[in-house]
Amino acid sequence: MSVNFPSPPYPEEIRCPPDDRTGTQLSIFTIMSKVRLESFMWGLGTAIGELPPYFMARAARLSGSSIDEEEIEEELESLQSAENADLLTRGKRLVHALVQRVGFIGIMLCASIPNPLFDLAGITCGHFLIPFWTFFGATMIGKAIIKMHIQKLFVIILFTKKYVES
């Protein structure tokens, strides 16, 4: 087995490298290093894809009148005092508490867990006027480095010959 695939510019016909039949197995780390750049770019693209909810919520928050600290405090108190809150309100409360307690690390942890609900974190961060570079830096590290390695390792293990053929 080999990971010596052709590099761009590609020939007219792409063929897999010849099998060397030495019986050596490719290590997971060899495969991971071969797809490192593509995986990082995928993670960076997903981090950039989280920006629209952040900007929409931020723009909606700033579009009214000037924001002062009293309005933010009143909204936070109303979020915390709601006893029979719906799922979205409880989610906003949880994400806001996480971001307030641990800030950058909290956003990074939310971004690094493979889940489809991270838009809620982006909306919450935009709504509560979390600085852009705090949000984007944490999101980029969480998605392009941490989550990318988790998912890359999962896919490589899932599709290795040892597991596919058994």
Side-chain angles (χ1 to χ4, degrees), residues 3 5 7-8 26-160 163:
V3 290
F5 294 103
S7 298
L26 291 176
S27 72
I28 289 176
F29 298 111
T30 304
I31 299 169
M32 286 178 72
S33 67
K34 185 68 176 178
V35 295
R36 180 181 303 128
L37 178 63
E38 292 83 359
S39 299
F40 177 78
M41 297 307 283
W42 164 79
L44 184 62
T46 60
I48 292 170
E50 298 298 340
L51 293 179
Y54 171 81
F55 284 128
M56 293 297 288
R58 185 174 178 86
R61 179 66 187 250
L62 295 174
S63 67
S65 60
S66 63
I67 302 298
D68 57 351
E69 294 298 319
E70 293 173 11
E71 290 178 15
I72 294 173
E73 291 298 324
E74 288 174 14
E75 186 165 343
L76 289 175
E77 287 175 11
S78 69
L79 270 178
Q80 292 171 351
S81 65
E83 293 177 15
N84 295 328
D86 61 339
L87 185 61
L88 182 61
T89 304
R90 287 191 308 228
K92 280 175 79 174
R93 189 182 322 155
L94 176 70
V95 170
H96 179 69
L98 182 65
V99 169
Q100 287 297 102
R101 272 190 232 136
V102 288
F104 185 89
I105 301 294
I107 299 168
M108 187 182 69
L109 290 174
C110 287
S112 63
I113 299 169
N115 68 49
L117 301 175
F118 188 71
D119 285 344
L120 177 63
I123 291 168
T124 304
C125 288
H127 180 75
F128 291 112
L129 304 176
I130 302 297
F132 170 75
W133 288 110
T134 300
F135 174 75
F136 185 65
T139 303
M140 186 178 67
I141 291 170
K143 291 200 175 283
I145 297 174
I146 299 170
K147 180 182 173 186
M148 175 267 297
H149 279 93
I150 293 169
Q151 290 187 325
K152 180 171 61 168
L153 187 61
F154 176 76
V155 169
I156 290 170
I157 290 172
L158 185 67
F159 291 106
T160 54
Y163 297 111

Using 0.5 Å steps for rounding, measure from the CG atom of Leu44 to the OG1 atom of Thr139. 11.5 Å
Gap between atom OG of Ser39 and atom NE2 of His149 - 0.5 Å precision: 8.0 Å
Is Tyr54 reaching over with its side chain to a backbone N or O of Ile130, donor-acceptor style, under 3.5 angstrom? yes
For Lys143, what residues pass the salt bridge (Lys or Arg N to Asp or Glu O under 4.0 Å) criterion, not counting sequence neighbours? Glu50
Given side chains that start at C-beta, do those of Ile107 and Phe118 come closer than 4.5 Å, heavy atoms only? yes
Is the CZ atom of Phe132 crowded by more than 12 outside heavy atoms at less than 6.0 Å? yes
Distance (rounded to the nearest 0.5 Å) between Ile146 CD1 and Met140 CE: 11.5 Å
Closest non-hydrogen atoms of Trp42 and Lys147, given as atom of the first, atom of the second and distance, are CH2-CE, 4.4 Å
Sequence neighbours excluded, the answer for ring-ring contact (aromatic ring centres under 6.0 Å, His included) partners of Phe104 is none
Could you check Ile150, Val155, Ile156 and say which one makes a side chain to side chain contact (heavy atoms under 4.5 Å, CB included) with Lys152? Ile156
Taking all non-hydrogen atoms of both residues, which atom of Ile48 and which atom of Pro52 are closest, and how far apart? O-CD, 3.7 Å
So which heavy atom on Ala138 is nearest to which on Ala111, and how close? O-CB, 4.3 Å
Around Met41, counting heavy atoms of other residues, nucleotides and ligands shown, do more than 12 lie under 6.0 Å from its CE? no
As an exercise, state the distance from CZ of Phe55 to CZ of Phe135, rounded to the nearest 0.5 Å. 8.5 Å
Distance col, row Ile141:CD1 vs Ser112:OG, nearest 0.5 angstrom, shows 10.5 Å
Separation between CG (Leu51) and CE (Met56), nearest 0.5 Å, reads 13.0 Å
